[in-house]
*Asks:* 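Can you read through this structure? Questions will come right after.
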Amino acid sequence: MDQNQPPGENYAHPKICFFHVLFKAASLAFYILSTIFVDSFVIIFVVTVLLAALDFWVVKNVSGRILVGLRWWNEINDLGESVWRFECLDQESLARMNKKDSWLFWWTLYLAAVVWILLGIFSLVRFQADYLLVVGVCLTLSLANIIGFTKCRKDAKKQIQAFASQTIASRVSSTLQSAFSVV
């Protein structure tokens with residue numbers, strides 16, 4: 001992507017952005033509409049959770065990597081402890097990321113969770129524990145991505161700061177060495 005784009009830059013990855021939003025919107029829309037028009041809780045549960053799982057997978061494995069240059073996963077080490085793993089693009093590549101892509105990624109990630117929370121509150125008020133289960137599963141998938149990508153972004157910032165500090169220290173050191181070697 002060219003850094004000298006006009007202020008109204010377009011999305012660098014419109015297809016990825018489309019699918020990033022599609023499964024969030026599909027799971028929310030299906031849940032809302034089906035609670036009104038469908039009588040089968042099983043169908044509502046299965047289809048809504050399937051769409052939310054597709055959203056989780058697309059965000060975690062595709063759109064997060066392409067739109068914001070971040071990737072995370074969690075694994076269990078030999079001691080049985082949960083260990084978070086993070087990957088991010090280098091500083092130069094992160095600086096070239098499209099701002100619109102990044103904005104869409106983060107806003108839709110948080111907005112979907114907020115909508116699931118509101119739907120959960122609505123289910124609580126209506127005393128619908130079964131529908132609260134659907135919302136809980138979908139919210140958990142959404143929050144897992146929020147936590148993973150937020151931790152990943154913080155880790156990436158730490159890596160960038162460490163790299164910058166190391167670069168500055170090495171330049172100061174080489175400058176001092178060359179200054180004293182002249183003497």
*Asks:* Determine all donor-acceptor pairs shorter than 3.5 Å in which one atom belongs to a side chain in residues 110-123; sequence neighbours excluded.
*Replies:*
| residue | atom | partner | partner atom | Å |
| --- | --- | --- | --- | --- |
| Tyr110 | OH | Thr150 | OG1 | 3.1 |
| Ser123 | OG | Tyr31 | OH | 3.3 |
| Ser123 | OG | Leu119 | O | 3.2 |

*Asks:* What's the separation between atom OG in Ser142 and atom CG in Leu28, rounded to the nearest 0.5 Å?
*Replies:*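 The distance works out to 8.5 Å.
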
*Asks:* When you look at CG of Asp39, are more than 12 heavy atoms from neighbouring residues, nucleotides or ligands closer to it than 6.0 Å?
*Replies:*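 Counting other residues, nucleotides and ligands, CG of Asp39 stays at 12 neighbours or fewer.
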
*Asks:* Distance check, rounded to the nearest 0.5 Å: Ile44 atom CD1 versus Phe37 atom CZ?
*Replies:*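 Those atoms lie 11.5 Å apart.
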
*Asks:* Do the side chains of His20 and Thr108 get nearer than 4.5 Å, heavy atoms only?
*Replies:*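 Answer yes - side chains close enough.
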
*Asks:* Identify whether Val47 and Val38 are in the same connected component of the hydrophobic contact network (ILVMFWY, side-chain heavy atoms under 4.5 Å).
*Replies:*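 In one cluster with Val47: Val38, yes.
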
*Asks:* Do the side chains of Val42 and Val134 join up, straight or via other hydrophobic residues, at under 4.5 Å, putting them in one cluster?
*Replies:*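 Looking at the clustering, Val134 is in the same group as Val42.
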
*Asks:* Working to the nearest 0.5 Å, report the span between CZ of Phe56 and SG of Cys138.
*Replies:*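 So the gap between those two atoms works out to 12.5 Å.
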
*Asks:* Would you check if Ile147 and Lys151 make a side-chain contact, meaning some heavy-atom pair closer than 4.5 Å?
*Replies:*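 Side-chain contact under 4.5 Å: yes.
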
*Asks:* Is the distance between the ring centroids of Phe45 and Tyr131 less than 6.0 Å?
*Replies:*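 No, the ring of Phe45 stays outside the 6.0 Å limit from the ring of Tyr131, centre to centre.
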
*Asks:* Give, for atom OG of Ser82 and atom CG of Asn74, the distance between the pair rounded to the nearest 0.5 Å.
*Replies:*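 Answer for the OG-CG pair, Ser82 versus Asn74, is 3.0 Å.
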
*Asks:* Hey, does Leu132 have a side-chain heavy atom less than 4.5 Å from the side chain of Leu124?
*Replies:*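 Contact flag for Leu124/Leu132 side chains = yes.
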
*Asks:* At what distance, to the nearest 0.5 angstrom, does CG of Leu141 lie from NZ of Lys24?
*Replies:*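 Answer for the CG-NZ pair, Leu141 versus Lys24, is 10.5 Å.
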
*Asks:* So which atom in Leu51 and which in Ala26 form the shortest heavy-atom distance, rounded to 0.1 Å?
*Replies:*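 Scanning both residues completely, I find the closest heavy atoms to be CD1-O, 3.6 Å.
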
*Asks:* Is the closest side-chain donor-acceptor distance between Asp55 and Ser27 under 3.5 Å?
*Replies:*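 On atom types as modelled, these side chains do not qualify, holding no pair under 3.5 Å.
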
*Asks:* Which atom pair, heavy atoms only, marks the closest approach of Arg71 to Lys60?
*Replies:*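 In terms of heavy atoms, the two residues are closest at CG-O, 4.5 Å.
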
*Asks:* Consider only side-chain heavy atoms of I, L, V, M, F, W and Y, link residues closer than 4.5 Å, and tell whether Val135 and Phe127 are in one cluster.
*Replies:*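 Different clusters.
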
*Asks:* Could you tell me if the side chain of Trp57 sits less than 4.5 Å from the side chain of Phe23, heavy atoms only?
*Replies:*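 The answer is no; the side chains never approach within 4.5 Å.
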
*Asks:* Are side-chain heavy atoms of Leu67 and Ser102 found at a separation under 4.5 Å?
*Replies:*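 No, their side chains stay 4.5 Å or more apart.
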
*Asks:* Quick check on the hydrophobic clustering: are Leu109 and Trp73 connected, directly or via other members, by side-chain heavy-atom contacts under 4.5 Å?
*Replies:*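 The answer is no; the residues belong to distinct hydrophobic clusters.
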
*Asks:* Please tell me if the side chains of Ile43 and Ser34 come closer than 4.5 Å, counting only heavy atoms from C-beta onward.
*Replies:*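 When only atoms from C-beta onward are counted, Ser34 and Ile43 do not touch, as no gap falls below 4.5 Å.
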
*Asks:* What are the two closest heavy atoms between Phe105 and Val59, and how far apart are they?
*Replies:*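 Heavy atoms of Phe105 and Val59 come nearest at CE1-CG1, 3.8 Å.
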
*Asks:* With a 4.5 Å cut-off on side-chain heavy atoms, are Asp101 and Val68 touching?
*Replies:*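 They are not in side-chain contact.
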
